[in-house]
2 protein chains.
Amino acid sequence: MLRAAITSGEMRPGEHYSAISLSQRLGVSRTPVREALQLLEKEGIVRIEKNRGVRVIQMSLDEIVQIFQIRIILEPPAAARGAEAATDEDLHHIQELHGNILEAAAAGDGPRTLQADKEFHLFLLGLAGNARLTDLDRELRNLVLTRGLVTIPSTRSGQDLADDRREIMEALVRRDSRAVALAVREHVTRTAKLLITGVSANTPGLSADDYLIKIDQLSKHCQ
Amino acid sequence: MLRAAITSGEMRPGEHYSAISLSQRLGVSRTPVREALQLLEKEGIVRIEKNRGVRVIQMSLDEIVQIFQIRIILEPPAAARGAEAATDEDLHHIQELHGNILEAAAAGDGPRTLQADKEFHLFLLGLAGNARLTDLDRELRNLVLTRGLVTIPSTRSGQDLADDRREIMEALVRRDSRAVALAVREHVTRTAKLLITGVSANTPGLSADDYLIKIDQLSKHCQ
DNA sequence: CCCACATGAGTAGCATGCAACCAGTCACAA
DNA sequence: TTGTGACTGGTTGCATGCTACTCATGTGGG
């Protein structure tokens with residue numbers, strides 16, 4: 001699909017493209033391209049400028065912050081509910097998923113680690129029995145992935161994230177939903193801060209501090 | 001737009017429609033209708049069935065619960081943050097919006113009350129400075145409105161909702177963000193339960209209890 | 001030299017033709 | 001009577017022509 005072309009970095013953010021050239025490149029007509037672009041615009045990945053073409057949105061730090069603010073609000077309670085509702089089979093399966101992450105990480109396979117991490121979290125959220133919430137979270141995750149900003153985690157931070165996940169797992173098997181919520185929140189918050197510092201480091205003249213503050217501004221009210 | 005036709009009850013849920021007939025009815029060609037339908041499908045308002053036509057989704061109680069679960073998780077922290085960030089002008093404006101609700105309610109104008117209520121809440125959420133969250137909430141609100149299920153609130157429950165809002169306002173002017181969060185949560189929860197009992201009452205053989213339970217199952221983990 | 005205006009290239013958006021496809025119906029054979 | 005097959009009406013989805021609009025460039029006048 002078109003989404004793949006953008007996600008895979010084929011189309012660079014900020015650049016202009018036309019539906020005509022895209023349709024030629026994909027070997028289809030303008031109509032389906034146009035329709036796909038409208039859907040992508042609704043997702044916020046792309047901006048259609050009237051009679052001017054389409055532009056892949058350069059996601060700003062502000063938007064990244066907004067997305068993570070939402071995730072930090074949503075995921076902890078959902079995961080906690082998931083922990084309550086999980087059957088023994090579910091726990092078994094999630095342990096497998098956790099194993100997959102460790103495996104991929106040990107192999108140093110960044111993309112696969114990311115994918116496995118996503119499956120792990122989405123499965124956990126899915127246990128809460130709210131499909132719409134799960135879909136929403138998936139979309140939010142895709143959004144940040146869209147930008148090439150998959151800052152490969154350093155070994156140091158990668159270890160922290162792994163510790164977080166282990167904590168989630170332990171709380172899960174204890175069926176301690178409150179601990180699950182806290183651990184998930186910690187995990188997502190850490191991911192957000194890593195990403196923000198990473199991006200701001202690559203962008204000269206941009207201080208991460210202002211954005212790091214915002215991450216907590218909203219979530220502190222969840223208590 | 002097309003959305004209006006569905007929302008206004010022109011198109012009944014569960015019924016089949018074709019893009020052809022819709023385009024004729026709206027006096028445009030099939031293409032824009034088709035594109036609009038795709039967007040509506042992404043929002044979950046409509047389901048496109050291949051070579052079969054399009055069907056306005058009959059929103060189930062399950063989905064209503066899911067939507068409100070999300071709203072109950074999202075809105076309180078956002079409103080609390082909004083209370084912190086609000087300027088005096090903002091407070092003044094929101095008082096006007098609050099006045100509008102009371103006015104419309106006093107006039108017995110149901111739709112206008114609903115509209116004013118929406119503006120009130122969305123403005124409050126907007127103060128949190130997270131546009132994506134505000135948009136998301138707007139969409140969630142539209143979803144439940146989509147169904148004709150705008151169960152006109154009885155005078156009794158309408159009074160309760162008004163009391164909730166007054167409580168929100170008072171907490172706002174006190175700049176008591178914690179109280180704002182609690183009041184908003186109470187308000188949204190009450191709205192949800194009213195809707196659920198209303199819908200289940202109109203649907204014979206459907207017990208509201210199972211769904212009422214679910215409303216709290218997720219939100220209790222927010223604390 | 002500079003500004004205003006016309007002109008042209010390129011675009012999105014809409015209308016419409018066309019093919020593939022699905023569901024239900026009807027006829028025919030076992 | 002029942003099961004199977006083709007047929008038909010209606011639909012989506014894609015391709016393509018056409019119009020209106022936007023921006024940029026170039027030209028002519030001040």
Side-chain angles (χ1 to χ4, degrees), chain A residues 1-60 63 131 135 138-139 142-143 146-147, chain B residues 1-60 63 131-132 135 138-139 142-143 146-148:
Chain A
M1 235 271 236
L2 244 190
R3 169 179 273 111
I6 298 178
T7 310
S8 68
E10 284 281 320
M11 299 172 62
R12 288 205 308 276
E15 205 118 336
H16 269 280
Y17 298 91
S18 76
I20 295 178
S21 59
L22 287 176
S23 63
Q24 287 172 349
R25 214 159 90 185
L26 299 181
V28 293
S29 91
R30 283 150 31 213
T31 308
V33 170
R34 176 181 150 69
E35 290 169 349
L37 287 176
Q38 286 184 338
L39 292 179
L40 291 179
E41 186 188 32
K42 186 166 181 57
E43 286 189 28
I45 295 177
V46 124
R47 172 169 204 133
I48 297 178
E49 300 175 3
K50 204 171 160 72
N51 294 331
R52 287 270 310 159
V54 64
R55 173 199 300 264
V56 179
I57 285 184
Q58 167 74 287
M59 188 171 300
S60 67
E63 288 180 86
D135 285 345
R138 178 181 296 115
E139 198 172 293
N142 284 342
L143 270 175
T146 295
R147 186 167 161 175
Chain B
M1 233 269 238
L2 243 191
R3 168 178 275 111
I6 299 179
T7 309
S8 67
E10 284 279 323
M11 300 172 62
R12 287 205 308 276
E15 205 118 337
H16 269 281
Y17 297 91
S18 76
I20 295 178
S21 59
L22 288 175
S23 63
Q24 288 172 348
R25 214 159 91 186
L26 299 181
V28 293
S29 90
R30 283 150 33 215
T31 308
V33 171
R34 174 181 152 71
E35 290 169 350
L37 287 177
Q38 286 185 339
L39 291 180
L40 291 179
E41 186 187 33
K42 183 165 182 60
E43 286 188 28
I45 295 177
V46 123
R47 172 167 203 136
I48 298 178
E49 300 174 3
K50 202 172 161 70
N51 295 331
R52 289 268 310 161
V54 64
R55 172 198 301 266
V56 179
I57 285 185
Q58 168 75 286
M59 189 170 299
S60 68
E63 288 179 86
R132 186 173 287 270
D135 286 346
R138 178 181 298 115
E139 197 172 294
N142 284 342
L143 270 175
T146 295
R147 186 165 162 175

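Proteins get letters first, then strands, A, B, ... in listed order; numbering begins at 1 in each. Below, each value reflects all heavy atoms present in this structure, side chains not excepted, and no hydrogens, waters or symmetry copies.
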Is any side-chain N of the basic residue among A:Asp135 and A:Arg138 closer than 4.0 Å to the acidic one's carboxylate O?
yes
What is the separation between atom NE2 on A:His16 and atom C1' on C:dA9, rounded to the nearest whole Å?
16 Å
Which whole-number value in Å describes the distance from A:Arg47 CZ to C:dA12 P?
15 Å
Heavy atoms, side chains only, cut-off 4.5 Å: are A:Leu143 and A:Ile45 in contact?
yes
Going through the checks in order, is the side-chain contact (heavy atoms from CB on, under 4.5 Å) test met by A:Gln24 and A:Ile20?
CA-CA 6 Å; A:Gln24 287 172 349; A:Ile20 295 178; 4.0 Å; yes
If I take atom CZ in residue A:Arg55 and atom P in nucleotide D:dT22, what distance separates them, rounded to the nearest angstrom?
17 Å
A:Ile48 atom CD1 is separated from D:dT22 atom P, nearest whole Å, by 16 Å
Check nucleotides 15-25 of chain C for protein N or O atoms closer than 3.5 Å to its own N or O atoms and list the pairs.
{"from": "C:dA15", "atom 1": "OP2", "to": "B:Ser29", "atom 2": "N", "distance (Å)": "2.3"}
{"from": "C:dA15", "atom 1": "OP2", "to": "B:Ser29", "atom 2": "OG", "distance (Å)": "2.8"}
{"from": "C:dA15", "atom 1": "N7", "to": "B:Thr31", "atom 2": "OG1", "distance (Å)": "3.2"}
{"from": "C:dT16", "atom 1": "O4", "to": "B:Thr31", "atom 2": "OG1", "distance (Å)": "3.0"}
{"from": "C:dG17", "atom 1": "O6", "to": "B:Arg30", "atom 2": "NH2", "distance (Å)": "2.6"}

With a 4.5 Å limit on heavy-atom distance, are the side chains of A:Ile57 and A:Glu63 in contact?
yes
May I have the distance from B:Gln38 (atom CD) to D:dC14 (atom C1'), rounded to whole angstrom?
12 Å
Should B:Arg34 be listed as having a side-chain N or O under 4.0 Å from OP1 or OP2 of C:dC14?
no
For B:Ile48, give me all partners under side-chain contact (heavy atoms from CB on, under 4.5 Å), at least two apart in sequence or on another chain.
B:Leu37, B:Gln38, B:Glu41, B:Val46, B:Val54
Please give, in whole Å, the distance from C:dT11 C1' to A:Gln24 CD?
13 Å
